[in-house]
Visitor: 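There's a structure below that I have some questions on.
Since we're looking at a predicted model, the values are computed, not measured. Both ligands and their constituent atoms are indexed starting at 1 by order of listing.
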Amino acid sequence: MGAEFEPDLAWLRAKPGTKWAAAGEGVLPAWIADMDFAAPEPVRAALTALVDGGDLGYPVWLHEGTPLRAEFAARMRLRYGWDPDPAHVREFSDIIQALQAVLYVTTAPGDAVALHVPAYPPFLNTVPQMGRTLVPIPVSRDGAGDWTFDAEAFARDVTERNVRVLVLVNPHNPTGRVFTHTELAALAEIAHQHDLLVISDEIHADLAYAPHEHVPFASLSPDAARRTVTLTSATKAFNIAGVRCAVAHVGAEWVRDAFTRLPPFLLGDVGQPGVVATLAAWQQGDAWLAGVRERLDANRGLLTAALTAAGVRVDPPQATYLAWLDFRGTGIDGDPAAYVLDKAKVKLSPGPDFGPGGDGFARLNFAAPASVLTEICDRIAGALPRAQ
Ligand SMILES: Cc1ncc(COP(=O)(O)O)c(C=O)c1O
């Protein structure tokens, strides 16, 4: 593993981004989903070339659709055997904007929207913020420790609560679960029977660990393809969230039509640097991606061993660099993230922010140098009530 995945602490502490800058004096940050590693060299080179070239004027693709459309389709074909239509791709500044825009044009206040919980907080909050009704699909651990859900109970809720939209996050944040073909097929069948729109956020797909394999929801069947809006970006796998660039593949024709009824410039255009960075990541970043996945996989093992030994329940995530830690056996009263921040000076994401199922949990971002992650684990282990 190269030195690029072992940045030193002085460099990390000087980073201007929110992860480190907002952590507080002496605190090690393991909260927001940014990695501690510099963005891939080809991405930095492409952005440097853009700036050095001096032309930051209107790009040739303005209002016409960016080169990301064809690149996204090619990448999906190559990596996942899914053949999306580039003509159905739209750009957004980020995934949350895309989710809100799709919900805005497809649902009305009061409509029921289903989402697995615990859930990525901005998604969880979006539903009530838009006046839609949240129908939670609880995930819980099965006998093997895999986070899964009761498809039959979901089917009943769809009928009884008149669900119109399923928002799927796969791989799942915060549990890191990669839903299997069987689980996804059960959702696709329910979607078919009840004519649901499926909005499938697959932003973490490139970070699935073997043997787990990501299956794009739209690739399940022609019916699934016709009812799915797939959301993704290069921002998680390539650590470039600040460039603000995402794509939506709008497989549902009625949703494409609904977008054409909006004022044409309401949603704006994606910026040139975002497109340049995303293209560079997708076209030239896969060697970096392979390296970072190796680092993350090793970190996953390190973290699981260290915190399990300390009495925290860790079910290793099947994807992502986020671990959903179960502190309920540690003797902590109240929110574990608040306790750990206070006693261990480590900043985690509080479990209750993720909604139902979050009490007693916290999410830890392990995309850190091994030395920093080791220190994070040592601090947490040493601060737990049972260690006192
Ligand atoms: C599941 C999921 N969706 C979306 C996002 C955010 O994407 P964006 O910054 O493009 O809104 C994140 C960020 O961590 C995420 O984990």
Visitor: Should R161 and D111 count as an ion pair when the cut-off is N to O under 4.0 Å?
Guide: no

Visitor: Identify the closest protein heavy atom to atom 14 (O) of ligand 1: which residue and atom is it, and at what distance?
Guide: K236 NZ, 3.2 Å

Visitor: Test your reading of the model: is there a side-chain donor-acceptor pair from Y321 to the backbone of D297, 3.5 Å cut-off?
Guide: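 Not at all, since once roles are kept as given, no pair shorter than 3.5 Å links the two residues.
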
Visitor: If I apply the N/O under 3.5 Å rule, does L322 come out as touching ligand 1?
Guide: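 By distance alone, the answer is no.
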
Visitor: Check for me whether H172 has a heavy atom closer than 4.0 Å to any atom of ligand 1.
Guide: no

Visitor: Atom CG of residue position D342 - does it have more than 12 heavy atoms of other residues, nucleotides or ligands inside 6.0 Å?
Guide: yes

Visitor: Output yes when the distance from some N or O of ligand 1 to some N or O of I96 is under 3.5 Å, and no in every other case.
Guide: yes

Visitor: Looking only at protein heavy atoms, which one is nearest to atom 9 (O) of ligand 1, and how far off is it?
Guide: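 Among all protein heavy atoms, the one nearest atom 9 (O) of ligand 1 is R244 NH2, 2.7 Å.
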
Visitor: Verify the distance criterion only: is there a donor paired with an acceptor across the side chains of T126 and Q100 at less than 3.5 Å?
Guide: yes

Visitor: Of the protein's non-hydrogen atoms, which lies at the shortest distance from atom 5 (C) of ligand 1, and what is that distance?
Guide: Y120 OH, 3.3 Å

Visitor: Please identify which atoms of ligand 1 are closer than 4.0 Å to at least one heavy atom of V169.
Guide: 1 (C)

Visitor: Which is it for A33 and ligand 1 at heavy atoms under 4.0 Å: side chain, backbone, both or neither?
Guide: side chain

Visitor: If the cut-off is 4.0 Å to any non-hydrogen atom of N173, which atoms of ligand 1 fall inside it?
Guide: 1 (C), 15 (C), 16 (O)

Visitor: Do any N or O atoms from the side chain of T330 and from the backbone of F327 form a donor-acceptor pair under 3.5 angstrom?
Guide: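 It does hold such a pair.
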
Visitor: Looking only at protein heavy atoms, which one is nearest to atom 3 (N) of ligand 1, and what is the separation?
Guide: D201 OD2, 2.5 Å

Visitor: Does NZ or CZ of R328 come closer than 6.0 Å to the centre of the six-membered ring of F361, within 45° of the ring's axis?
Guide: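 No, R328 does not lie over the aromatic ring of F361.
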
Visitor: Please verify whether a non-hydrogen atom of H204 lies at under 4.0 Å from ligand 1.
Guide: yes

Visitor: For ligand 1, does I95 get within less than 4.0 Å through its side chain, its backbone, both, or neither, judged by non-hydrogen atoms?
Guide: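 For I95, backbone and side-chain atoms both sit under 4.0 Å from ligand 1.
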
Visitor: More than 12 heavy atoms of other residues, nucleotides or ligands under 6.0 Å from CD of E213: yes or no?
Guide: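 Count not over threshold, so no.
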
Visitor: Any N or O of S233 that comes nearer than 3.5 Å to an N or O of ligand 1?
Guide: no

Visitor: Quick one: do the R363 and N173 side chains pair a donor with an acceptor below 3.5 Å?
Guide: yes

Visitor: Identify whether the distance between the nearest side-chain nitrogen and carboxylate oxygen of D206 and R293 falls below 4.0 Å.
Guide: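 Looking at D206 and R293, the cut-off is not met.
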
